[in-house]
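This report concerns only the one structure given below.
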Amino acid sequence: TARLIGQSVIRREDPRLLTGQGRFTDAIVLPGLTYAVFLRSPHAHARIVSIDTAPALAMTGVLGVLTHADLKDRVGDIRPNWVVGDAITPAHSPLAGDRVRYVGEPVACLVAQTIAQAVDAVEQIEVTYEPLPAVVDQEAALKPGAPQLHDNVPGNLIGTFRMGGGD
């Protein structure tokens with residue numbers, strides 16, 4: 001490996017990829033394969049007033065739509081792999097419940113027979129949001145009066161971890 005440092009390395013896969021001979025997982029089609037697409041929040045912080053999945057469910061090829069209400073009491077929260085010290089862990093459902101807390105947070109999951117059907121149908125899910133004040137700076141989030149993101153995390157501070165060493 002030392003003789004490769006500073007040298008051009010010829011990539012063996014390039015010829016087949018550049019000539020259209022490559023194989024990609026997206027090209028694999030298995031019997032009964034379905035496609036899931038997530039509807040994601042356009043807001044950094046908002047209350048979810050309502051979700052209407054009926055227009056999407058009525059579309060050709062749509063097999064189902066899941067929202068937080070479908071997962072509640074069936075699927076647990078997403079938990080961190082490790083927590084430092086006495087840090088508070090806010091609840092984080094796989095699909096947003098009453099509020100979204102970041103742009104791109106998953107709100108619904110739609111499953112259809114083809115990817116095109118899924119992409120078209122997910123756009124028909126009607127979500128009514130009530131935008132809430134957002135804060136995007138870590139230091140500003142800790143200031144008095146900053147928007148409170150999680151009820152169980154007072155002042156938006158999950159914890160303090162102090163390190164020391166040396167003299």
Looking only at heavy atoms, what is the nearest atom pair of P147 and V135, with distance?
CD-CB, 4.0 Å
Interatomic distance, NZ@K143 vs CG@N156, rounded to 0.5 Å, equals 13.0 Å
P131 and H45, any side-chain heavy atoms less than 4.5 Å apart
no
Just wondering, are more than 12 heavy atoms of other shown residues or ligands nearer than 6.0 Å to CD in E13?
yes
Counting only heavy atoms from other residues, nucleotides and ligands, does the tally under 6.0 Å from CG of D137 exceed 12?
yes
So, taking the atom named OG in S41 and the one named CZ in R101, what distance separates them when rounded to the nearest 0.5 Å?
11.0 Å
Donor-acceptor contact present, side-chain Q148 to main-chain G155, <3.5 Å
yes
Let me check something: do V62 and L66 share a hydrophobic cluster, defined by ILVMFWY side-chain heavy atoms less than 4.5 Å apart, either directly or through other members?
no
Over all heavy atoms of both residues, which pair between I28 and L33 is shortest? Give the atoms and the distance, please.
O-CD2, 3.8 Å
Might you confirm whether atom CD of E139 has over 12 heavy atoms from other residues, nucleotides or ligands at distances under 6.0 Å?
no
V83 and T89: which non-hydrogen atoms are nearest, and at how many Å?
CG2-OG1, 3.6 Å
Starting at CD of E130, measure out to CG of D98 and round the result to the nearest 0.5 Å.
11.0 Å
Please tell me whether V100 and V103 are part of a single hydrophobic cluster in this structure, the criterion being side-chain heavy atoms less than 4.5 Å apart.
no
Treating Ile, Leu, Val, Met, Phe, Trp and Tyr as nodes and any side-chain heavy-atom pair under 4.5 angstrom as an edge, say whether L39 and I115 lie in one connected cluster.
yes
If you compare all heavy atoms of A96 against all heavy atoms of H68, which two are closest, and at what distance to 0.1 Å?
O-CB, 3.1 Å
Does I10, at its CD1 atom, have more than 12 non-hydrogen atoms belonging to other residues, nucleotides or ligands within less than 6.0 Å?
no
So do Y129 and V49 actually touch side chain to side chain, heavy atoms under 4.5 Å?
no
Give the cluster check for L142 versus V153: same hydrophobic cluster or not, with ILVMFWY residues linked at side-chain heavy-atom distances below 4.5 Å.
no
Measure the shortest side-chain to side-chain distance between I125 and D52 over non-hydrogen atoms and say whether it is less than 4.5 angstrom.
no
Single-linkage hydrophobic cluster V37~L63, side-chain heavy atoms < 4.5 angstrom:
no
Does the R99 side chain pair with the main chain of L149, one donor and one acceptor, at a distance under 3.5 Å?
yes
Whether over 12 other heavy atoms sit under 6.0 Å from D14 CG
yes
What pair of heavy atoms forms the shortest contact from R47 to L132, and how long is it?
N-CD1, 3.7 Å
d(L95 CG, R40 CZ) to nearest 0.5 Å is 9.5 Å
Exactly one of L57, I51, V122, V111 clears side-chain contact (heavy atoms from CB on, under 4.5 Å) with V65, and that residue is L57
Got D86 and F161 here, is their nearest side-chain heavy-atom distance under 4.5 Å?
no
Atom pair NE2/CG of H92 and D77 - distance to nearest 0.5 Å
8.5 Å
Closest approach of L71 and P94, non-hydrogen atoms and distance?
CD1-CB, 4.1 Å
Distance (rounded to the nearest 0.5 Å) between T53 OG1 and Q124 CD
12.0 Å
How about Y102 and V136: do any of their side-chain heavy atoms sit closer than 4.5 Å?
no
Do D70 side-chain atoms and T67 backbone N/O form a donor-acceptor pair below 3.5 Å?
yes
